[in-house]
> 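First the structure, which I've put down as structure tokens, then a few questions once you've had a look.
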Amino acid sequence: MTLPMGRPMREIFGETVAELATDDPRIVMLDGDVGSSTRGDIFEQAHPDRYLQMGIAEQNMLGVAAGLATMGLIPFISTFVSFAVVRPLDQIRVLIAQTGLNVKITPGYAGLFTGMTGMSHIIVDDVSIMRAMPGMVTVSPADDVEAAQVLRWAAAYQGPVYVRLVRDATQRLFDESYRFEFGRAVTIREGRDVTLVSTGAQTPRTVDAAELLAAEGIDAHVVHVPTIKPLDVAAIVAAADRTGRVITVEEHTVIGGLGGAVAETLGEHRPTRIDRIGLQDLYIQSGPNDALLDIYGLSAARVSDRVRELLAASR
Amino acid sequence: MTLPMGRPMREIFGETVAELATDDPRIVMLDGDVGSSTRGDIFEQAHPDRYLQMGIAEQNMLGVAAGLATMGLIPFISTFVSFAVVRPLDQIRVLIAQTGLNVKITPGYAGLFTGMTGMSHIIVDDVSIMRAMPGMVTVSPADDVEAAQVLRWAAAYQGPVYVRLVRDATQRLFDESYRFEFGRAVTIREGRDVTLVSTGAQTPRTVDAAELLAAEGIDAHVVHVPTIKPLDVAAIVAAADRTGRVITVEEHTVIGGLGGAVAETLGEHRPTRIDRIGLQDLYIQSGPNDALLDIYGLSAARVSDRVRELLAASR
Amino acid sequence: MSGASAGTTTHADAGEVARLEEVARRIRVHVVRVVNHARGGHLGGPLSAADLLAALYFHAMRVRPEDPDWPDRDRFVLSKGHSSIGLYAAMALRGYFPEEELLTFDAAHSRLQGHPDMTRLPGLDMSTGSLGMGISAAMGIALGGRLTGHDIRAFVMLGDGECQEGEVWEAAMAAAKYRLDNLVAIIDHNRLQQFGWHGDGPDGRLPPQVPGELAGKWRAFGWRVLEVDGHDMAAILGVLDEAAHGDGRPTAVIADTVKGKGVSFMEGHYFWHTRLIKPEEFAQAMADLGEPAPAAEEAAR
Amino acid sequence: MSGASAGTTTHADAGEVARLEEVARRIRVHVVRVVNHARGGHLGGPLSAADLLAALYFHAMRVRPEDPDWPDRDRFVLSKGHSSIGLYAAMALRGYFPEEELLTFDAAHSRLQGHPDMTRLPGLDMSTGSLGMGISAAMGIALGGRLTGHDIRAFVMLGDGECQEGEVWEAAMAAAKYRLDNLVAIIDHNRLQQFGWHGDGPDGRLPPQVPGELAGKWRAFGWRVLEVDGHDMAAILGVLDEAAHGDGRPTAVIADTVKGKGVSFMEGHYFWHTRLIKPEEFAQAMADLGEPAPAAEEAAR
Ligand SMILES: Cc1ncc(C[n+]2csc(CCOP(=O)(O)OP(=O)(O)O)c2C)c(N)n1
Ligand SMILES: Cc1ncc(C[n+]2csc(CCOP(=O)(O)OP(=O)(O)O)c2C)c(N)n1
Ligand SMILES: [Mg+2]
Ligand SMILES: [Mg+2]
């Protein structure tokens, strides 16, 4: 059973923030000349006066967002992860994180799916960067359903947040009854043999991997972590206790991201063997989405293979 | 017994790179208008034609460095950590790390000692950022003796490196017989009760803390990790095995830095209880150096207190 | 450079000019005294900016020190955040907090951080310290004022060295596109930065400068440019009054200044950007600033 | 705009002009064909740049395709890295690698990455893709050439939208300080970027532009500016010849171009920056570019 496809998170972004802005005149969107890609253009259609084109000038864009926030507005940022997190990092640090101003950093193009752009556009370490930054909340929704809820939550939350969204359609994990709770991890599947901890659009593939493993008699416990910072420590510890063996799976470097967060937490609260599946300290080339998932070991099949290998090696 | 003071690493920087350049005409220095602070001015005196003032424009400076490297030159960067790592991060990523070009990112002003500047200048997460970046070597010397050796090694190493240097005088750990080896951790003190893993200018304070603990009957094993990436996995595992209990100590956030690296490594190779002493996800205010060490828990006395507390709690 | 172009619109009388000159003098005295006391902080930049800061806080800006969060206040962003002590001195003199508090500058737990920290000090409109950013934030304030219907002005002060930061030109480009004539950038054009290029001047470090270069850049980016002698108070008031009348473009006030202004041995020397003051230098500085000779204890911090 | 100002120094004969026009046409054919084949990549930018790329690789630059690492070669940095396919097509035609390899563009394991990756393809002088950076690297090359005694020139191509990036102005400032007259920046001034501001034009998205604005900015930053019609090959050759003679300043060649040039339905439309081509559109594009009608199979990728 493979999880079905959902809608691209970038469309959810344009639509949801536009809807939010209809009810809340404080919401504005700042675009770094990529609204036609991030689907900021949906917001522009609905609220042309509050769509603030900032041009190809991301450092200034984040700084302007800080200034707008001091005037009581709630800026959402429309650009790619690379140009929302890496290019204006000093501005985020000084003007947004250190001030606690109410700016929503909500770029599309997280992970490998960036339209065959290659390494200049594929950011493998955004979670490591944002998680290490004092005061920066980091949320990585699993699918379109959760993305919409995270964006609604972000608009209501007071303070800076980082929400990483995916460009293309990914698998749908949740149905409409799902409720995102900030700071809470979610158990997706109960199991006894190994605990898989996953985040973002990787979670559905991890769930599929768990089904493949189940067919071979390996019963995986699967936990989805939408809020990477602050981490749901109790849930992670409980999930580790369930099986005594943890493997994190993320569409991101294995250094300092979800895997790092879980390793730090378990080392402190419940020492447990933990392996980290993800990108192995390398840059990602261009190629079609499915080819990249396969090459870099993040398809359901390759994740299940790797989990099996790891379990076999440690038995 | 308190370790004596050494010379400020920034002076070592200016002198050592100037000396290296005397023998190697490929070495140039790029300054972001702070040579009088980083002591790049020592290099300027010696080699005025190879001291390239880039003005207050750090993004361009790192990009120029990449271009110079393609012409066979070996650029060293003179600025503060904030303006060498955070401001030009996208340029480092695309033009230096992804290309593997031979640029030496060697800023001063790592850690808390920045001349009472406050949070805009005190970078708490540079190791997390650089360690997560694919292909980026990260070295954090303990004192002036090691800093000189690391700079000499960096000049000879082919490829990008990040070396974090401290502005003010810090304690001297090593004598002139010490030899830095890239990628190797160093056991500073043998002990049986707890393993302290430390890096950078924090290591001497951690060694002093171990002496304070020894006076109370706690026998700490102390390992210094100059090369944070690539990490000396075997040494860390062996050090953990010595005592079965690990505490990392760093002048840096406890998220994703040395503590993160050690937690990831032990989780994978030898699950062990590990606590992380360092900055607790906060920004650092201005104040005299000693006051900051005390407030943020990184003086020898406060480290020893914290180690004692942690050991008592887990007994 | 003279304030002649602005002279026609100034309404400041001689009394106000003299009053503000005294404010500027007192800012300078605080700058030197506090930096000496703290054994840290910047000197050259705050001293060159003192007249401008006095004119802003005591003449141009609509603010209520007793109600620092007043929504309709004009905002000020010190983009050259290393001149924080100059701003703090101006704010203290204007009544935001007691002048004595200035001596906590740079100390642990102080509201007066080495670089401005808006989370600590009411009335501080933006945190700065990393150069090039303040103008972006000020642009956001000006744009936000328009979007929320607040008739406010955003003032931002930049260093001339700071204008090497690309972000400044990103902001200049975008502010012109949005025709933000409620945004006024004041550039403290003291011709020195921290270390800079070789050139002439007393230390051989006054970098080669092309006359009109800076003004030309701002004009090319679509800004109205007003030039003024940044130490001629009447001219400054005139130019700020002129800047208040928007013409559809953001305004850059290029103020020609002298780094270290007011302290004889600091004027024009790059190395007084930041440096420890010796006791005899402190006494000289107080004399230059028209203060009585300091107690030996204060001088010998 | 005409190439008249440059016409006096051009030595290109009519034969060379015709030859290079054909190279440019073939670059455009490759661009459309390969992007259609890859089902991804950019169109508008590579098409506007095709004539300039042909002139660079077949006339202005001293290179040896058979010895791509030749130390004395001129360097080229495509700062607007999203136009990679245009550069790859020029390089293939110039003999760096077989034209057939162009069809591997964007595929996994290809040397022809979505954005230029110098670690994969010999002859590629810099990796780019994040806008604003290439000019810094090119400045480093020009400066490095001087420091190492290599008489080389560094050419860099920027988008006009890209010039909004502050880093471009950091590089402009620094290159002028160093008087790098071996640095030539070519700005593909097609008046469109990816999404941009509202304005006029066919889609209401041609942002308001002030004539001479871009040239004024480069001049204000101390550069020599040469303006040219970026689709007039004789004029382009003339202006590049003129740029070869340094006058102590770095040179900006502002080339007025049409985004999507050569494909009727793409010209001047912002949304052809990057977009999937329909089969009937592909046939039309080939016709516009003077190619025979494509096989149905190729058109219907
Ligand atoms: C991004 C950044 N780079 C470098 C510095 C270090 N720095 C502080 S002040 C200064 C010189 C500023 O010169 P200028 O803007 O002319 O100011 P002023 O002359 O008024 O002091 C520098 C390089 C900084 N604070 N921020
Ligand atoms: C730093 C950065 N921001 C945003 C982008 C996304 N992007 C790619 S092309 C483009 C528009 C470029 O416009 P222009 O420079 O005018 O190029 P051209 O019109 O020649 O395609 C944008 C915004 C990017 N690649 N890099
Ligand atoms: Mg200055
Ligand atoms: Mg364009």
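Order of the sequence lines sets the chain letters (A, B, ...), proteins ahead of strands, with each chain counted from 1.
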> Do the non-hydrogen side-chain atoms of A:Gln285 and D:Asp117 ever get within less than 4.5 Å of each other?
no

> Give a yes or no on this: more than 12 heavy atoms of other residues, nucleotides or ligands lie within 6.0 Å of atom CD of D:Gln209.
yes

> Is the shortest heavy-atom distance from the side chain of A:Arg87 to the side chain of D:Met133 under 4.5 Å?
yes

> Chain D: which of A:Ser120, A:Pro288, A:Gly40 shares the most heavy-atom pairs with it under 4.5 Å?
A:Ser120

> In this structure, are over 12 heavy atoms from other groups packed under 6.0 Å from A:Asp24 atom CG?
yes

> Are any non-hydrogen side-chain atoms of A:Met119 and D:Gln113 less than 4.5 angstrom apart?
no

> Under 4.5 Å heavy-atom distance to chain D, tell me which part of A:Phe83 shows up: side chain, backbone, both or neither.
side chain

> Which atoms of D:Thr274 are under 4.5 Å from chain A, going by heavy atoms: the side chain, the backbone, both sets, or neither?
neither

> What's the shortest heavy-atom distance between D:Gly114 and A:Ser286, and which atoms?
N-OG, 2.8 Å

> I want to check something: taking the side chain as every heavy atom from C-beta on, are D:Phe195 and A:Glu44 in contact at a cut-off of under 4.5 Å?
yes

> Output, in order, the C-alpha distance, side-chain angles, deciding distance and verdict of side-chain contact (heavy atoms from CB on, under 4.5 Å) for D:Gln194 and A:Ile56.
CA-CA 9 Å; D:Gln194 176 171 338; A:Ile56 313 174; over 6 Å; no

> Most heavy-atom pairs under 4.5 angstrom with chain A, which of D:Cys163, D:Ser130, D:Gly40?
D:Ser130

> Which region of D:Arg275, side chain (C-beta onward) or backbone (N, CA, C, O), has a non-hydrogen atom less than 4.5 Å from a non-hydrogen atom of chain A, or is it both or neither?
neither

> Is there any residue in residues 25-38 of chain A with a non-hydrogen atom under 4.5 Å from a non-hydrogen atom of chain D, and which ones are they?
A:Asp31, A:Asp33, A:Val34, A:Gly35, A:Ser36, A:Ser37

> Pick from D:Gly129, D:Pro207, D:Gly161: which one has the most heavy-atom pairs with chain A under 4.5 Å?
D:Gly129

> With chain A, which of D:His273, D:Glu167, D:Arg120 has the greatest number of heavy-atom pairs at distances under 4.5 Å?
D:Arg120

> Do A:Gln53 and D:His198 have side-chain N/O donor and acceptor atoms under 3.5 Å apart?
no

> So do D:Glu165 and A:Glu58 actually touch side chain to side chain, heavy atoms under 4.5 Å?
yes

